[in-house]
Amino acid sequence: MALRMWASTTANALKISCATTKAPVFSLSRCFSTVLDGLKYAESHEWVKHEGPVATIGITDHAQDHLGEVVFVELPEPGGSVSKGKGFGAVESVKATSDVNSPISGEIVEVNSKLTETPGLINSSPYEGGWMIKVKPGSPSELESLMGPKEYTKFCEEEDASH
């Protein structure tokens with residue numbers, strides 16, 4: 001209450017009024033999530049780290065932040081395949097359940113079984129301990145269509161501004 005009175009008194013003294021302002025004069029970016037160099041990013045908020053013959057895939061810090069506390073993760077079996085843009089699993093949080101899409105096509109060579117016991121790794125370590133699957137890419141050129149860190153940061157800022 002005291003702060004509101006001080007603000008009102010100060011605004012009056014400075015002849016500032018915001019009573020007639022219908023829209024904010026400025027907006028702040030809400031994309032304060034971590035975006036790492038060396039990774040590629042999909043518009044559906046998955047990341048890919050391509051090292052040698054294997055690509056590691058997970059959901060971005062931005063995605064986990066919007067989901068909230070992750071309580072369950074559904075993963076595929078190793079040996080199966082994934083297709084670019086198609087779902088391979090799901091992440092359930094206290095807020096929502098969200099499908100996870102593969103940013104590239106390929107054969108699943110490993111899944112992060114730690115997520116079954118500790119799904120919160122996606123929140124605490126989305127780019128390290130919270131990875132989801134490892135894939136042998138079927139078409140490495142698909143990586144070229146994904147965003148780099150700067151493009152993904154801009155994409156998140158624009159997406160958040162539109163919501």
Worksheet item: What is the minimum heavy-atom distance between Ile104 and Ala55, and which atoms define it?
Response: CD1-CB, 3.6 Å
Fill in: Gap separating the OG1 atom of Thr56 from the CD atom of Glu110, nearest 0.5 angstrom
8.0 Å
Fill in: Transitive ILVMFWY side-chain link Phe88 to Val135, under 4.5 Å
yes
Item to complete: Measure from the side-chain N and O atoms of Ser125 to the backbone N and O of Leu121, and report whether any donor-acceptor pair falls under 3.5 Å.
Response: no
Response to the item:
CD (Glu43) and CD (Glu159) are apart, to the nearest 0.5 Å, by 8.5 Å
Worksheet item: What closest approach, in Å, do Gly38 and Pro149 show between heavy atoms, and which atom pair accounts for it?
Response: N-CG, 4.5 Å
Worksheet item: Do you know which two heavy atoms are closest between Cys156 and His45, and how far apart they sit?
Response: SG-CE1, 4.0 Å
Discussion item. Walk me through whether Tyr41 and His62 qualify under side chain to side chain contact (heavy atoms under 4.5 Å, CB included).
Written reply: CA-CA 11 Å; Tyr41 299 89; His62 184 80; over 6 Å; no
Worksheet, complete the sentence: Rounded to the nearest 0.5 Å, the CD atom of Glu69 sits from the CD atom of Gln64 at a distance of 11.0 Å
Worksheet item: Is Leu75 reachable from Val70 through a run of I, L, V, M, F, W or Y residues, each pair having side-chain heavy atoms under 4.5 Å apart?
Response: yes
Worksheet item: Taking the side chain from Tyr127 and the backbone from Leu39, do they hold a donor-acceptor pair closer than 3.5 Å?
Response: no
Worksheet item: Under the 3.5 angstrom rule, does the side chain of Asp61 hit a backbone N or O of Val35 as a donor-acceptor pair?
Response: no
Discussion item. Donor-acceptor pair, distance only, cut-off 3.5 Å: does the side chain of Glu46 make one with the backbone of Ile57?
Written reply: no
Response to the item:
Closest heavy-atom pair, Ser93 versus Gly68, reported as atoms and distance to 0.1 Å, is CB-O, 4.0 Å
Discussion item. Would you say that more than 12 heavy atoms from the other residues, nucleotides or ligands in this model lie under 6.0 Å from the CD of Glu128, or not?
Written reply: no
Fill in: Minimum-distance pair of heavy atoms, taken over all atoms of Trp131 and Leu115
O-CD1, 3.2 Å
Fill in: Reported NZ-to-NZ distance for the pair Lys49 and Lys134, which is rounded to 0.5 angstrom
8.5 Å
Discussion item. Are Val73 and Ile133 linked, directly or through intermediate hydrophobic residues, by side-chain heavy-atom contacts shorter than 4.5 Å (ILVMFWY only)?
Written reply: yes
Worksheet item: Would you say Val109 and Trp47 are hydrophobically clustered, going by side-chain heavy atoms of ILVMFWY under 4.5 Å?
Response: no
Discussion item. Is it the case that the side chain of Asn112 and the backbone of Gly129 share a donor-acceptor pair, with hydrogens and angles ignored and the cut-off at 3.5 Å?
Written reply: yes
Worksheet item: Are the side chain of His50 and the backbone N or O of Gly52 linked by a donor-acceptor pair below 3.5 Å?
Response: yes
Discussion item. Main chain of Gly87, side chain of Asn101: is a donor-acceptor contact present, judged purely on distance under 3.5 Å?
Written reply: yes
Item to complete: Report yes or no: do Lys84 and Ser139 form a side-chain donor-acceptor pair below 3.5 Å?
Response: no
Worksheet entry | Closest approach of Pro103 to Val48 (non-hydrogen atoms, all atoms of both residues) | CG-CG2, 3.2 Å
Practice prompt. Identify whether Met132 and Leu67 are in the same connected component of the hydrophobic contact network (ILVMFWY, side-chain heavy atoms under 4.5 Å).
Written response: yes
Worksheet entry | Donor + acceptor pair across side chains of Ser105, Glu142 (<3.5 Å) | yes
